[in-house]
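Remarks on the structure that follows.
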Amino acid sequence: MKETLQVINQMQADGVIGKYAIGGAVGATLFLEPAATLDVDIFVILPADLGSLLISLTPIYDYLKARGATAKDEHVVIAGWPVQFLPPGNELEREAVEQSVKTDVEGVPTRVMSAEHLVAIALNTGRSKDHIRILQFIEQEAVDRKKLESLLESHGLTRKWKQFELKYLEGAHGQ
Amino acid sequence: MGNKEMRKRLAALSFSEKVKILEKLRDRSLALAGAGLRPKPSEDVLKKAKEKRKEV
């Protein structure tokens with residue numbers, strides 16, 4: 001992972017990508033216990049995002065292929081890790097990248113989405129594995145409930161959250 | 001150590017340490033996937049296993 005992040009940081013320094021943040025299961029690992037995953041989700045702001053309606057990942061693939069990375073389905077394998085580059089699909093994901101948390105892997109600087117953003121994105125995505133991850137955040141008290149509720153409200157997810165609470169957290173509200 | 005306590009301890013590790021665990025978990029998953037399925041036991045082996053269970 002260290003080498004993978006070094007390549008991504010260099011790609012950022014070379015201007016191919018803008019700000020980025022690790023999301024998904026690897027991102028959640030900053031706050032929770034490690035859980036098996038086979039790939040890394042990198043949410044990335046592309047320089048072309050500004051003022052352009054068309055978003056292309058081609059410059060990323062070209063840059064990485066020239067440096068020995070291989071494309072495999074929707075992933076690019078960098079130093080052994082399949083990486084999926086995801087341009088933010090909505091304002092919540094864009095904000096998650098902008099407000100990401102600084103950290104490092106063995107001295108290599110990187111950024112990870114905040115716990116509250118990871119939970120909000122998981123809620124919005126809504127697959128079973130996302131619900132499981134939200135429950136882990138709640139059980140392990142790895143999320144600030146007040147911050148989360150405010151974030152959910154600002155992105156129109158309060159109703160979805162209430163439904164989630166009713167289904168999975170009944171009796172745990174306010175704990 | 002209880003399950004809850006173990007999870008708490010793992011969650012308290014540094015990101016670098018957790019990433020090392022992620023890599024080990026990934027390698028194990030890939031090794032298992034690469035090993036393929038175990039060959040189906042022969043009828044003779046199944047019969048013997050059944051007889052053994054009856055004895056127990």
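Treat the numbers as computed from the prediction; the structure is a model and nothing was measured.
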Smallest separation among heavy atoms of Gly23(A) and Leu118(A), with atom names: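 Minimum heavy-atom separation between Gly23(A) and Leu118(A): CA-CD2, 3.9 Å.
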
Indicate the atoms forming the closest heavy-atom contact of Ala69(A) with Ile78(A), along with that distance.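 Smallest interatomic distance, heavy atoms only, reads CB-CG1, 4.4 Å.
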
Can you tell me which portion of [X] sits under 4.5 Å from chain B's heavy atoms? Options are side chain, backbone, both or neither.
X	result
Val112(A)	side chain
Leu30(A)	both
Ala35(A)	backbone

Under 4.5 Å side-chain linkage, directly or through intermediates, the cluster mates of Leu30(B):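 Taking Ile, Leu, Val, Met, Phe, Trp and Tyr as members, Leu30(B) shares its hydrophobic cluster with Leu38(A).
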
ILVMFWY clustering at 4.5 Å (side-chain atoms), partners of Leu166(A):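 Members other than Leu166(A) - counting any ILVMFWY side chain reachable under 4.5 Å - there are none.
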
Record all donor-acceptor atom pairs with a distance under 3.5 Å between chain B and chain A; write none if the list is empty.
from: Arg7(B); atom 1: NE; to: Glu33(A); atom 2: OE2; distance (Å): 2.9
from: Arg7(B); atom 1: NH2; to: Glu33(A); atom 2: OE2; distance (Å): 3.4
from: Ser16(B); atom 1: OG; to: Glu106(A); atom 2: N; distance (Å): 2.7
from: Lys18(B); atom 1: NZ; to: Thr29(A); atom 2: O; distance (Å): 2.8
from: Lys18(B); atom 1: NZ; to: Leu30(A); atom 2: O; distance (Å): 3.1
from: Lys18(B); atom 1: NZ; to: Leu32(A); atom 2: O; distance (Å): 3.0
from: Glu23(B); atom 1: OE2; to: Met1(A); atom 2: N; distance (Å): 2.4
from: Glu23(B); atom 1: OE2; to: Trp81(A); atom 2: NE1; distance (Å): 3.2
from: Arg26(B); atom 1: NH1; to: Gly80(A); atom 2: O; distance (Å): 3.2

What pairs with Leu46(B) under side chain to side chain contact (heavy atoms under 4.5 Å, CB included), at least two apart in sequence or on another chain?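 Counting only residues at least two positions away or on another chain, Leu46(B) forms a side chain to side chain contact (heavy atoms under 4.5 Å, CB included) with Pro41(B), Glu43(B).
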
Can you find a pair of side-chain heavy atoms, one from Leu22(B) and one from Val26(A), that are under 4.5 Å apart?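 Sidechains of Val26(A) and Leu22(B): in contact.
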
With a 4.5 Å limit on heavy-atom distance, are the side chains of Ile134(A) and Val143(A) in contact?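 Heavy-atom side-chain distance check fails, nothing below 4.5 Å.
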
